[in-house]
Amino acid sequence: MKKYRSAAILPIIIAAAVMLYSCGLTPVDSVTDEEYPLNLTNGSFVGRYIADLDLCLTGDAELVFNNAAEIPQRTLLNFFIFDVNEDDKNTSSPKKKEYYNKDDEKYHIPVSDIEAVIARYFEGAVFDPFELDEFDEERNMIVLSDFPESKGENAVALTEKKKLSDDTMELTVKFYANEDAASYKYTKVFVIKMDEYQVIYQSINKS
């Protein structure tokens, strides 16, 4: 039974993974011959697009939606921060440094950069900077005093995955506070569309 780990994700809970296996469900990374897009759901995918996302977008900014057009602006901004931090892990020229202004010790982000990220990941979502206090209308930038990275760890188990169409899948993921199966917190169901290898979140529901 395979396990996986990322910077913000623990291995699949041992007790839970055994339980899932005995119920006939398949642990992440154990199948290689699934059809697209289900064949993309390995540990790296779950870590990058599900577990780490859940750590970064919390509280009032939690990403839970059925209609992308209704995602709050604060959540969209936090998603942008999440995406930049994730991409910066794999580059020698981090975007975060480009945004930092030494003169005022703040991060100056062009609205167009945020709009581009939101357009890639969501269909119908519109970023409206006028709803945010950090908007500098004169320069058309979002100005942040901090560019926070997600902290902590999530233990998750991908318990079910369904192919809804040629490019869309539904993933059911259980979240735990730690590796103890008794620390179960909640379940989220992600409907994700793949445009080649680009993730497009269609909906995320929590129970």
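Taking the six-membered ring where the residue is Trp, F65 and F122 present perpendicular rings, their angle passing 60° and hence far from 30°.
Y186 is connected to V46 through a chain of hydrophobic side-chain contacts under 4.5 Å among Ile, Leu, Val, Met, Phe, Trp and Tyr, so both are in one cluster. The hydrophobic clustering, which links ILVMFWY residues whose side-chain heavy atoms are closer than 4.5 Å, places V191 and L53 apart.
Here the side chains of E170 and K161 are not in contact, with every heavy-atom distance at 4.5 Å or above. Residues P110 and Y99 meet the side-chain proximity criterion, which asks for heavy atoms closer than 4.5 Å. Taking 4.5 Å as the limit, some side-chain heavy atom of K174 sits within range of a side-chain heavy atom of T187. Side-chain contact between D54 and F175: present, with at least one pair of heavy atoms (C-beta onward) separated by less than 4.5 Å. Under the 4.5 Å side-chain criterion, counting only non-hydrogen atoms from C-beta, V199 is in contact with F45.
With rounding to the nearest 0.5 Å, the separation of CD1 in I200 from CG in D195 is 5.0 Å. The line from CG of L76 to CG of L57 is 9.0 Å long, rounded to the nearest 0.5 Å. For the atom pair OH (Y201) and CD1 (I71), the distance works out to 10.5 Å, reported to the nearest 0.5 Å.
For Y121, the side chain to side chain donor-acceptor pair (under 3.5 Å) partners two or more places apart in sequence, or in a different chain, are R48, D83. D167 pairs by the side chain to side chain donor-acceptor pair (under 3.5 Å) definition with S165, not counting sequence neighbours. Take Y197 and apply the ring pair (Phe, Tyr, Trp, His ring centres under 6.0 Å) test, not counting sequence neighbours, and it matches no residue. Take E86 and apply the side chain to side chain donor-acceptor pair (under 3.5 Å) test, not counting sequence neighbours, and it matches K89.
No side-chain donor-acceptor contact under 3.5 Å links K193 to the backbone of Q202. Checked by atom type and distance alone, the side chain of T159 never pairs as donor or acceptor with a backbone atom of V173 at under 3.5 Å. Counting only distance, with no hydrogens or angles, the side chain of N66 and the backbone of I204 share no donor-acceptor pair below 3.5 Å. Checking side-chain atoms of Y49 against main-chain N and O of D52 turns up no donor-acceptor pair under 3.5 Å. Side chain of T172 to backbone of V189: no donor-acceptor contact under 3.5 angstrom is found. Between the side chain of T41 and the backbone N or O of L38 there is at least one donor-acceptor pair closer than 3.5 Å.
For residues 62-76, the pairs satisfying salt bridge (charged side-chain N to carboxylate O under 4.0 Å, His left out) are E62-K188, E62-K206, R74-E134, with sequence neighbours left out. Sequence neighbours left out, the pairs with a member in residues 99-114 that pass salt bridge (charged side-chain N to carboxylate O under 4.0 Å, His left out) are K95-D113.
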side-chain contact (heavy atoms from CB on, under 4.5 Å) evaluation trace for Y176 with K185: CA-CA 5 Å; Y176 300 79; K185 298 191 295 183; 5.7 Å; no
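Within 6.0 Å of the NZ atom in K162, the count of heavy atoms belonging to other residues, nucleotides or ligands does not exceed 12.
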